[in-house]
Amino acid sequence: MPNTPMKSFVCWGTDPSYSCPAGGGRALADLRARGARSVVIDPRLTPDAARADVWLPIRPGTDVALMLAWIKYIIDNDMYDKDFVMKWTNLPYLVDVKTKMFVRPNELFDGANPKEYVVWDAKTNAPKTMKYPWDDALDPKLEGTFKHNGRTFKTGFTMLREQCEPYTIEKAAEICWLDPKKIVEGIKIFADGPSGLSLGVATDQFPNSVEAAMGSVILNSIMGYVEKPGTMMQRFPNGGTAPAGSLAPRAQKCLPPSQLAKRLGGREFKGLLQWDAASPQSILNAILTEKPYPLKVWIERSGNKFGVLGNASSWEPAIKKLDFVVHMYMYPTSFTTYADMILPTTEWLETNMLIDCCNYVFARQAVTHTYETQDETLIWSWILRRCGELGHEMCQKAMDPEFMGDDLPLWKTMEELLDAKLKHHNVTWEEVKNGHNPIKFMPDDKWAGYYVYKKTDPKTGLPRGFSTPSKKLELYGEVFINLGRTGAPYAKQPLAPADKDYSPLPFYMEPVENPKAEIAKKYPLVMTNGRLPIYHHGTLRNNPYSREVYPLPEIWVNPKDAEKYGVSHGDWTWVENDRGKIRAICRVTEGIPQGIVYQERFWNPETLNTPTRGWKEMNVNVLTKNTPPYNDVVGTYTLRGFQVAISKADKGPEGVLRKPEDFSIWMPDATVTESAEPVYPTYKNEGK
């Protein structure tokens, strides 16, 4: 950091000063202090947007249109790093326009290597095999359309340019509700590198999610902002430990070959295989319809599903339909009120954990322990062992070290699991706690190395390149086509193809609910949401100190919209669409553009014991959309960029606390309520 040459940075749908102020926020403040300029793309005037050289308050859900316009402008104005694009991306390689796949040498030349790629050589005006990493004898064309033996080829670069062609600066400004001059100013700041573009969670929360990720990688890569000082795309090795929440080893290889094909949504949304995940909408449909098979038991190990899932109301009948629900969490939430069994887990201050930070591994030790909580990872081990004792064959095999292998150790205690994670450091958890903390696993000069792709691979004597089939940055994503057709590289055996091929290049999809759609006549405002520094995702609404700082969710409304729809600063405000109706406190501010409103997801622990179960009063996910369209690759749906209406409410929800002083003596009680409903803790608001 002290000698970084970074000259600018772009925060696209991310707000480090809100979401991670101690780390990312401080880093950006340091960069600004050293003269780095910044661009922030966010509908809200966040602290980072307020300090940016250019703030682009984009219409929610239109990010990919703006990305395509940035790519087009950079290409059209020759602002990209041509040498890097030629030699370290796959854009010079030839694509068959009919199949959308790269041409392989063995298709053109007898006995050629099918794993290599083909370029169009300007010297011979013919296709030639490009040996990895480069062949100086060739003069590859980066751009062009070519005919050969009745086939038509285009370079990947040409395919990218054509994909972006409709998205002029003026077109993007119209779609995204932005000033075209500001768009160009932002591009020029980004192009004045070294720089980097950081993509946030916001772009994960609409159907164009994967395309936004593709666009951000393309923008960084065509500028050559890869593994060089002052850029964000880096490869720094870690200590080989797992991040918080994923200490347990993965045992995917122990599944029978047919099991992966049964994963709900696994055929349509094969990108989820990367996280061993199923798609929420497929789970919901399976519970309600019992197709392709019924689901009867739910073991939930996150916080409040009714606070974070889209169209939360659609989940209530599904949860009630299940035979048995277990909630494994740190404290009661709305989801707990539907559970038949509660398994209390440790908070982070009660947990022993290994943490990677730069070239160190730290032992984060528990400092307290309350009530009868247990580490979640330990609970899973106990369940596994008990099922084995009861006769479950696979659980019995899971306790057999010979069957599991050395890389999947079994554990009875957290110390055993931590020792296994530290094995390659030749130290035990007890030794780390008693003097070997932290572990420096790599010297500074070897860890913070740049240009990793240029370093020699001792096995081949060639540059290491990147971890892709071509060893180049694959900006034309043939890998997406293969993923949709087979599940490769995540599936170990081929899966049935998705309904359609995944696109190898980013494309823009207009939000299905938008200001020009019929629905906007009834619901004229575009809604977005996001994170605040007081809370982390759906946590801590039951913490009286956090609630004193931010008692209730606000809806940000532009002054012109406030006047138009009859709401004032501090008013209780109705927010509604066809999926539901909630309330919020109106915050009139020019920190949100006209036509857009913002509200945070929320749940109210003070009303857990009422028919609303704490999630129906002011939770923006009552309004979000979980019906099609979905993202082709991972199935994301519309959590941002949907339509709502606002109006003044005479009063707030029954039982909800509003004033900060209400929270100063409000603490959860350890008693339970006896009722016909599932048992859940009672919260007392003494004296109020």
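If you're wondering where the values come from, they're calculated on a predicted model, not measured in any experiment.
The shortest heavy-atom contact between Phe269 and Ser282 is CE1-OG, 4.3 Å. Scanning all heavy atoms of the two residues, the minimum distance from Leu623 to Glu576 falls at CD2-CA, 4.1 Å. The two residues Asp192 and Ser8 have their closest heavy-atom pair at O-OG, 3.6 Å.
Judged as a side chain to side chain donor-acceptor pair (under 3.5 Å), and not counting sequence neighbours, Ser198 has no contacts. When the side chain to side chain donor-acceptor pair (under 3.5 Å) test is applied to Ser467, no partner is found at least two apart in sequence or on another chain. Under the rule for a salt bridge (charged side-chain N to carboxylate O under 4.0 Å, His left out), the partners of Lys131 that lie at least two apart in sequence or sit in another chain are Glu116. With sequence neighbours left out, Glu478 forms a salt bridge (charged side-chain N to carboxylate O under 4.0 Å, His left out) with Arg104. Residues passing the salt bridge (charged side-chain N to carboxylate O under 4.0 Å, His left out) test with Asp136: none are found, sequence neighbours excluded. Judged as a salt bridge (charged side-chain N to carboxylate O under 4.0 Å, His left out), and not counting sequence neighbours, the contacts of Lys521 are Glu518. Judged as a side chain to side chain donor-acceptor pair (under 3.5 Å), and not counting sequence neighbours, Asp78 has no contacts. For Phe507, the ring pair (Phe, Tyr, Trp, His ring centres under 6.0 Å) test picks out no residue, with sequence neighbours left out. Residues passing the side chain to side chain donor-acceptor pair (under 3.5 Å) test with Gln205, sequence neighbours excluded: Arg640.
Pairs engaging residues 143-153 under the side-chain hydrogen bond (donor to acceptor under 3.5 Å, both in side chains) rule: Asp96-Arg151, Glu107-Arg151, Glu143-Arg161, Lys147-Thr152 [sequence neighbours left out]. Sequence neighbours left out, the pairs with a member in residues 56-71 that pass side-chain hydrogen bond (donor to acceptor under 3.5 Å, both in side chains) are Trp12-Asp63, Arg59-Glu510.
Atom-to-atom distance recorded for Ser216:OG and Met233:CE is 8.0 Å, nearest 0.5 angstrom. Interatomic distance, CZ of Phe480 versus CD of Glu474, reported as 10.0 Å (0.5 Å rounding). A distance of 8.5 Å separates CG in Leu473 from CG in Asn90, rounded to the nearest 0.5 Å.
Of the possible donor and acceptor atoms, one in the side chain of Thr158 sits under 3.5 Å from a partner among the backbone N and O of Gly144. The main-chain N or O of Val557 is never found under 3.5 Å from a side-chain atom of Arg587 such that the two would form a donor-acceptor pair. Between the side chain of Tyr630 and the main chain of Asn626, a donor-acceptor pair closer than 3.5 Å is present.
Pro506 places a side-chain heavy atom less than 4.5 Å from the side chain of Leu68. Considering only heavy atoms from C-beta on, Asp48 comes within 4.5 Å of Pro16 through its side chain. Here the side chains of Ile74 and Leu219 are in contact, with some heavy-atom distance below 4.5 Å. Inter-residue side-chain proximity for Trp556 and Glu554 is flagged as met; some heavy-atom pair is nearer than 4.5 Å. Leu495 places a side-chain heavy atom less than 4.5 Å from the side chain of Lys270. For the pair Thr231/Asn220, no side-chain contact is recorded, criterion being any heavy-atom separation below 4.5 Å from C-beta on. By the 4.5 Å heavy-atom criterion applied to side chains, Lys625 and Asn311 are not counted as neighbours. Tyr508 has its side chain out of reach of Met67: every pair of non-hydrogen atoms, C-beta onward, lies at least 4.5 Å apart.
Annotation: Glu590, atom CD; neighbour count of heavy atoms from other residues, nucleotides and ligands within 6.0 Å does not exceed 12. Counting heavy-atom neighbours within 6.0 Å of Lys72 NZ, excluding the residue itself, gives a total above 12. For Lys171, the NZ atom is loosely surrounded, since the number of other residues' heavy atoms within 6.0 Å does not exceed 12. The 12-atom threshold is not exceeded at CZ of Arg51, counting heavy atoms of other residues, nucleotides or ligands nearer than 6.0 Å. In the displayed structure, Glu563 atom CD is contacted under 6.0 Å by at most 12 heavy atoms of other residues, nucleotides or ligands.
Seen from the ring of Tyr132, Lys471 counts as a face-on cation partner, given the 6.0 Å and 45° thresholds. A cation-pi arrangement, defined by a distance under 6.0 Å to the six-membered ring centre and an angle within 45 degrees of its axis, is absent between Arg464 and Tyr453. Under a cutoff of 6.0 Å and an axis angle of 45°, Lys87 and Trp134 form a cation-pi pair.
In this structure, Asp53 does not pair ionically with Lys188, as no charged nitrogen and carboxylate oxygen lie closer than 4.0 Å. A salt bridge links Arg485 with Asp501; the closest basic N to acidic carboxylate O contact falls under 4.0 Å. A salt bridge between Asp139 and Lys123 is absent, with no side-chain N of the basic residue lying under 4.0 Å from a carboxylate O of the acidic one. The existence of a salt bridge linking Lys128 and Asp135 is excluded, since no basic side-chain nitrogen approaches an acidic carboxylate oxygen closer than 4.0 Å. With salt bridges taken as basic N to acidic carboxylate O contacts below 4.0 Å, none links Arg531 and Glu600.
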* To do: Carefully, step by step, assess Met101 and Asn482 under the rule side chain to side chain contact (heavy atoms under 4.5 Å, CB included).
  => CA-CA 9 Å; Met101 304 291 283; Asn482 288 327; 3.4 Å; yes
* Decide side chain to side chain contact (heavy atoms under 4.5 Å, CB included) for Leu160 and Leu475; before the verdict, give the C-alpha distance in whole Å, the side-chain angles of both, and the deciding distance to 0.1 Å. => CA-CA 9 Å; Leu160 175 61; Leu475 307 187; 5.6 Å; no
* salt bridge (Lys or Arg N to Asp or Glu O under 4.0 Å) between Lys500 and Asp632, worked out -> CA-CA 8 Å; Lys500 62 178 180 178; Asp632 293 342; 3.6 Å; yes
* Could you check Arg44 against Asp15 for salt bridge (Lys or Arg N to Asp or Glu O under 4.0 Å), going step by step and ending with a plain yes or no? => CA-CA 10 Å; Arg44 304 172 299 158; Asp15 51 351; 2.8 Å; yes
* **Step-by-step side chain to side chain contact (heavy atoms under 4.5 Å, CB included) determination, Glu227 to Arg235** => CA-CA 7 Å; Glu227 297 185 358; Arg235 265 189 294 180; 2.6 Å; yes
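Checked against the 6.0 Å centroid criterion, the rings of Phe157 and Tyr80 qualify as a close aromatic pair. Taking the six-membered ring where the residue is Trp, the centroids of Trp120 and Phe153 are separated by 6.0 Å or more. Aromatic pair Tyr225/Phe190: centroids less than 6.0 angstrom apart.
Looking at Tyr637 and Asn631, their side chains never bring a donor and an acceptor atom within 3.5 Å of each other. No donor-acceptor contact under 3.5 angstrom links the side chains of Asn577 and Glu513, judged on distance only.
Relative ring orientation between Phe102 and Tyr117 is described as perpendicular, the plane-to-plane angle rising above 60° on a 0-90° scale split at 30° and 60°.
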Under 3.5 Å donor-acceptor pairs involving side-chain atoms of residues 172-187, not counting sequence neighbours:
{"from": "Asp179", "atom 1": "OD1", "to": "Lys181", "atom 2": "N", "distance (Å)": "2.9"}

